[in-house]
Amino acid sequence: MLSFLALLFSIYLGYLLITSTPFADQKTEPINIFLATGFGLGVSSHLVLYNILLFDQLNPLAIILSHLKILLLFIVLRNRFGHHLPKNPSPIRNNDLPIFFLISTPFLILLIINALSSPYGDWDAWGFWNVRANFIFRAGPFWNDVLPTEINHHPWLLPLTIVWGWSFAGREDNLIPLLIPIIYTVSTVGLLVFGLSDYIEKKFALLAGIFLLSIPFFMYHSTSQYAEIEVCYYLLGACICLFRTLKYESIKYSFFCGAFLGLLSFTKIEGILEMILLTFLIYIYFLINQKKSFLFLILFLGMAIFSLPTIIVKCFVSPNLNHGLGLNWSLIGDFQRTALIITSFLQHVFWVDAWGGLWIIGTIMLFMKRHSLVQKEIIIITIFIFLFMFALFLRFQITPLYLEWHLSTVLYRALFQITPLLIFLIFYSVFEDRNLSTNRKNPQPHETN
Amino acid sequence: MNITQRIRSPKLFLARLFPVIILAFTVKNLIIDSHACLIKATTILRNPILPPGDKFVPLRPYLIGVRKVGYYTDQTSENPITDVNIMKDYQQAQYALSPTILDYYHGLNYELIIFNCSSKDCIEGKGGALRDHSFAPIINLNNGISLIRKLK
């Protein structure tokens, strides 16, 4: 029960932060609840880290108190200055949300069965992520001891979120690592559906959501308690906030776009790469299209605040692990490796049935709708996916590991990270409703409270 | 718009056909997912899932307050870090026994060593890892796993 409460507490905190920022708009859209889940859990992981650094060991009481302080602060600020904000900003009154959950129910049941069938997660869950949480929770002042298996020094969003739940519950309840991926999976699907609704008809956005949830590989891997689902979520969240920033010239969404980029960098090493790539592309886009520079500054501010824990963990907590695996640039001209990487990639995406037709449909549709991929802000996602693929190729080419093993363990996870974004791109390019996009620039009266 | 006009406008035709294709794939995926879940659910009901590294848990009381111990296995590989058989047991042991760190790479350099052996001779027998040392077994779990104190 306490484990549920811990996660609900984080989600409520996230929701309060998202709907009470000084620049919050007056909308009570369902998308806010899906932005709040991951944002709240991310904030909790940051608070745990700052507390551990402050006390040099885990102090559950201090962690709970710091959560309460933030909550109270925002409640007071909201009551004092938020007269323009809705009194009870509940997205549940919106009809779209019950419809979303009703249609998703069979898929959600399967998702929960999947999660329960692997209650301790797959290999990396107990081999890396949960064992790091065990360490932080059990080791007292030696919380940052380096494990001999930590050859890849990933940041700690997932372990710290687990530790937050355990600190609140007062024990190592396995329900926490089991529930976290379910929350992130549902939130990713919610973000996809309600993010796409800005551009395409709702029925098609809903179809995109259930298609994503039905992909056997997504269903299986999202509940394996790896950090990939968090990467999926923050990557998609950052892109959706970015689009809203550009569409509405919204200060709120530009800040949260930056915040999601910062949280993205705290998930995994790939998250850091994705944050850098996206920020660079956003900067270029702002520069070329002469967008308001203060929006980018706000975005950068959000990113700076929320990527601080990544910098702390990477540079100060365990700096000795920053050597990574040692890249070997002389392998760049090894055409045998290149051929093997390309063959494995093609074989993986087109022959593996677990992708549920995604790559076959995606390739055909994106080729036929190629002109819409380079229009307006969607070009950022298109270029990002190509750059990410290139970076992935480069990683396999120059990392001196046994290539077959490296490909078999990393390729599918990296592709998994961009799956929701790819579906966003496919549905956007096929169904974009220009009337809907234009109308959204001038919200109708019923859309505001 | 009749069928001839639709075919003349392939983009429009595609946009109309696309949801049907996606829906068909979604239904197909749902069938695959349901089948896989049914198998998983049956398996869990028959065999409850134990926590990873459960067989190492009896060593916990002996490692309270111990920060680092050695870990030794008689299984060998050219590249142990990518060897599933070696790493699975090792990482499960690490999960079960944390926050004590199990050093796989310099396993025999510690006073306390966890042995995970497939043969009886791997500790003291001919070619055993500790044949040149005197040692005192602390606990033997009789499943190839034992905790040893190295005396010299």
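Residue numbers start from 1 in every chain, and the chains themselves are labelled A, B, ... in the order their sequence lines are given, proteins ahead of strands.
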Minimum heavy-atom separation for B/Q94 to A/V131, with atom names?
O-CG2, 3.8 Å
B/L50 and A/Y120: side chain to side chain contact (heavy atoms under 4.5 Å, CB included), yes or no, with the steps?
CA-CA 9 Å; B/L50 295 170; A/Y120 301 98; over 6 Å; no
Please report the C-alpha distance between A/F142 and B/K68 in whole Å, then the side-chain angles of each, then the deciding distance to 0.1 Å, and finally whether the side chain to side chain contact (heavy atoms under 4.5 Å, CB included) criterion is met.
CA-CA 11 Å; A/F142 307 116; B/K68 266 191 167 184; over 6 Å; no
Kindly indicate, with the supporting measurements, whether the criterion side chain to side chain contact (heavy atoms under 4.5 Å, CB included) is fulfilled by A/I215 and B/T26.
CA-CA 7 Å; A/I215 293 172; B/T26 307; over 6 Å; no
Which distance, rounded to the nearest 0.5 Å, do you find between the OG of A/S117 and the CD1 of B/I44?
4.5 Å
Contact leader toward chain A among B/V84, B/T43, B/T100, B/I21, where contacts are heavy-atom pairs under 4.5 Å:
B/V84
Quick check: do B/P99 and A/N134 have side-chain heavy atoms less than 4.5 Å from each other?
no
Classify the ring geometry of B/F18 against A/F427: parallel below 30°, tilted from 30° to 60°, perpendicular beyond 60°.
perpendicular
Separation between CG of A/L213 and CG of B/L30, rounded to the nearest 0.5 Å
9.5 Å
I need the B/N29 CG to A/L212 CG distance, nearest 0.5 Å.
10.5 Å
State the NZ-OG distance between B/K40 and A/S118, to the nearest 0.5 angstrom.
7.5 Å
Does any backbone or side-chain atom of B/I32 lie under 4.5 Å from a heavy atom of chain A? Answer side chain, backbone, both or neither.
side chain
Is chain A contacted by the side chain of B/A36, its backbone, both, or neither, given a heavy-atom distance below 4.5 Å?
neither
When A/P216, A/A354, A/G357 are compared by non-hydrogen pairs under 4.5 Å with chain B, the top option:
A/P216
Rounded to the nearest 0.5 Å, what's the gap from CD1 on A/I113 to SG on B/C37? Could you check?
5.0 Å
Counting heavy-atom pairs under 4.5 angstrom with chain B, the leader among A/Y220, A/F211, A/W123, A/F137 is A/W123
Whether the A/W126 and B/Q91 side chains hold a donor-acceptor pair (N or O, under 3.5 Å, no angle test) is what I'd like checked.
no
Selection from A/I361, A/N114, A/I426, A/D353 maximising heavy-atom pairs under 4.5 Å formed with chain B
A/I361
Could you walk me through whether B/F25 and A/L358 pass side chain to side chain contact (heavy atoms under 4.5 Å, CB included), step by step?
CA-CA 9 Å; B/F25 270 101; A/L358 168 70; over 6 Å; no
Value for CG (B/L23) from CD1 (A/I210), rounded to nearest 0.5 Å, stands at 6.5 Å
